[in-house]
Amino acid sequence: MGISNLLQTGRSSMTAAKTAIATAGHNIANANTEGFSRQRVEQSAASGSPKPGSRAEIGRGVNNVSVSRINDEYVEKQIRNSTRDLGHAEEKDLFLRQTEDVFNELNGEGLNRLMTRFFNEFRKLGNEPDNEAVRQSVRESTKALVNDIKRMRGEVDEVRRHIDSRLDGYVREMNSLSEELRDLNLKIKVASVQGGLPNDLLDRRDQVLKHLGSFADLQMHKDNEGGYVVNIKGVGPLVAGPTFNKFSTERSPADDQGKMVDSLDLKTEASANGNVTHLVSGGKMGALLETRDKLLSTIVDRLDQLAFGLSESVNMVHRQGFNRYGQQGADFFKPLESADRASERIDLSDEVKTNVNSIATAAEPESPGDNRIAIAISGLQGQKLLNEGKATIDDFYNSIVSDIGVANARNRSVMTQQKDIATQLGKIREQVSGVSIDEETANLLQFQHSFDASAKVIQVADECLKTILELKR
Amino acid sequence: MRVTENTNFGVVRDSVRKSRERLENLQMQSATLKKLNTPSDDPIGSAKVLEIRTEKMNNEQFLNNIKLTETFLSNSDHAVGELADIMVRAKEIALGQASGASSNEDTRLGLSEEVTQLFLQGVAAANRRIGERYLFGGYRSNTAPISNQGRYQGDDGQIMAEVSKDVFVSMNVPGIDIFNTNPKGALADRESMESATELKQADGRAPAQEGRRREFKLSGDETTENVNFFDELQTLRIGLLTGDLDAIRGTLERFDSMHGKLIATRAKIGSRIQGLQTTQGALERHTLTNATLSSSLEDADMAQVVSDLAKEETVFRSSLASSQKLVQPTLMDFLR
């Protein structure tokens, strides 16, 4: 073997060392990059060509130098799932907290107190049916009650609007991620065909998949060219080859599956009738839709029933009574035809609004001391008027509060659990793919030494050549 | 196991965050003195707390109702007592003038003047009111129950007050039950006096009618003769004026039965007041029990909170201190 081969060996090893140093540098640079997998130089020894009869086979340095990433696909998949479930719980938590705030009266005023006050005002009126000041205070306490029911309805609607605006944002984010995934698939394919290992593109794609997967329940698998095909469970393909399915939102009327009026519908370009609102589940979007169409709409429904039940039953008694003018049959609340939007429309009747003496207290005319109607109305507090005769108005409202509390508490424990899982998986990923500065520093030194040594090899080869060239002189 | 710097920092961040979370929760509890701050802290407990609050507010109202009912009843008691005294005095007069031996025209004329005064006193007592409300008019609480002629102008309405959940006590005694020994007879008298059209109107009072009828069946023996307080005083007065000793003697027994009726009414009122006091005691005990229950549900155990807070602070400090150890210098720092 010739001296020039020795130069070649030195050169190849210098290149390998330089690559390794550069890779260590790249790792250190990306130590804090989210989703980065540490990279490693892989190389193999270049064998020499054996000469017949010679037993000294001399290698020719190092070749097949490549950089690969250290990454466990299974861990990535688990991380994707846990990101999705954590996102689901966190998103729900955000809105459950907001909803809970609407109904929280443990540290202050609220509908429960106002309802009790309302019935007690009628008890006071029963004590003094001929006292106009008490009548005024009955009217004021009713106004406060009505306003609070409306406030709740309004605030729940505010939460609903907040959910919708977030949904809109997520749809846009999801579209841009789908597009990016499609492009990444393409780039990775091209790079692979050219024989490269596009490590950083692969990392980026894992990140995109993770983000995309946090929005909804997705199924993903690799096609035979290494591209990812993503389907949304229950809806159909999201990204496949060169196409991606674009989502959009649309304001639309209420539907029979719990979507409230003016809420956003979710649409896709690809699916048959376009509307996939009730098909998407899981992830952040699933959480939004679930909170909006199951929880919030049930709450609004129950508020409506409460408002309707209250105004109907009070009216029913009140209509039998006689007011201060000996007239019978007036309503106390403005009559509502149905429970539909009752919590928005509940109000005092015009008669009572304009004149407190229109409040009926007596069961017979010209009996200013007769309090039977007032007492009958206060007695409604203990009657099971709602939920098909199973709940008093108080019970009914308290059960709304405790149901929200239960939903929130349950979700919070799920969230804590998911957070722990995510932390644990993060640690596992860090264990496999994370960059350790200590390791990289040691590697740097190691490769620096090997770089020095390779240079030395070239120097020695050079000196050898010099010696040989000087032989002739 | 490979441990990287990111793992280290992650652990630091995580433990500090968790510790801060617990600290905040304890801080909240010690600031509000409550362990229940949102329904989700204890959903079932918070529904119970709401229920207890409703009960508490209701009980306060019931206590107010009791106070009012008691005032109404004791005022009624005083007035009925006055009426009874009048009866006693009237009977004394009648007894004194019942026989010709002790009676002469001069004394009779003088005494008839006293009986007139007794009559007026009786009207005043029967028209006693609290504020604008007459005690004995039944539901017709805005008009004087007894006219100057001694006619009853009220009705037999029982004004009920809720003194405890679903427990009602009548806060008034309708005059018709006081001034007559047999109200049923009195009503028959009155109805016969009222015109037929008025009677029809009365029948039209749908919800009240049934209650009234029942009320009458309860009170008094239907067969006994009715004695009216004011009628009897009139009889005595006319007897004294005309010197009709038989008529005067005739009033004696009826004054007795009227007096008996008034005493019975006082006894009825007294037992109602006693019942109210028992109810009041029960309500106060109930309020106390509720307060204890609600406190155990929503109040933070301060000793516990404070000691937890101290403990958590130690945890927090040590997690910060250990972070210092965890965030070790890297190999870099030693390669100079």
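This structure is a prediction, so every number in the text was calculated from the model and none was measured. Each chain gets a letter, A, B and so on, in the order the sequences are listed, and its residues count up from 1.
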Highest number of heavy-atom pairs under 4.5 Å with chain A: which of [options]?
options	result
B/Asn64, B/Asn172, B/Asn37, B/Ile44	B/Asn37
B/Thr69, B/Asn58, B/Thr32, B/Leu68	B/Asn58
B/Thr54, B/Val3, B/Leu36, B/Asp166	B/Thr54

Side chain, backbone, both or neither: which part of [X] has a non-hydrogen atom closer than 4.5 Å to chain A?
X	answer
B/Lys34	side chain
B/Phe9	neither
B/Leu50	both
B/Asp14	side chain
B/Lys56	neither
B/Arg13	neither
B/Phe62	side chain

Between [X] and chain B, with a heavy-atom cut-off of 4.5 Å, which part of the residue counts as in contact: side chain, backbone, both or neither?
X	value
A/Val435	backbone
A/Glu430	both
A/Arg410	neither
A/Lys124	both
A/Leu445	side chain
A/Ala362	neither
A/Asn120	both
A/Glu439	side chain
A/Arg38	side chain
A/Ser399	neither

Residues B/Arg20 and B/Glu24 bridged, charged N to O under 4.0 Å: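 So B/Arg20 does not pair with B/Glu24 through a salt bridge.
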Cationic N near anionic O, under 4.0 Å, A/Asp130 to A/Arg324: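 The answer is no: the pair does not qualify as a salt bridge.
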Taking atom CD of A/Gln446 as the centre, does the number of heavy atoms from other residues, nucleotides or ligands within less than 6.0 Å exceed 12?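 Buried by this count: over 12 neighbours within 6.0 Å.
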Relative to each other, are the rings of A/Phe36 and A/His26 parallel, tilted or perpendicular (30° and 60° limits)?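 Rings of A/Phe36 and A/His26: perpendicular, as their planes differ by over 60°.
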Distance-only polar pair, side chains of A/Arg123 and A/Gln381, donor-acceptor under 3.5 Å: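 Present: a donor and an acceptor within the cut-off.
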Side chains of B/Asn59 and B/Glu55: do they bring a donor and an acceptor to under 3.5 Å?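 Their side chains do not contain a donor-acceptor pair, so the 3.5 Å distance test is not met.
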Between A/Asn411, A/Asn408, A/Thr441, which residue shows the highest count of heavy-atom pairs closer than 4.5 Å to chain B?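 Greatest number of close heavy-atom pairs with chain B: A/Thr441.
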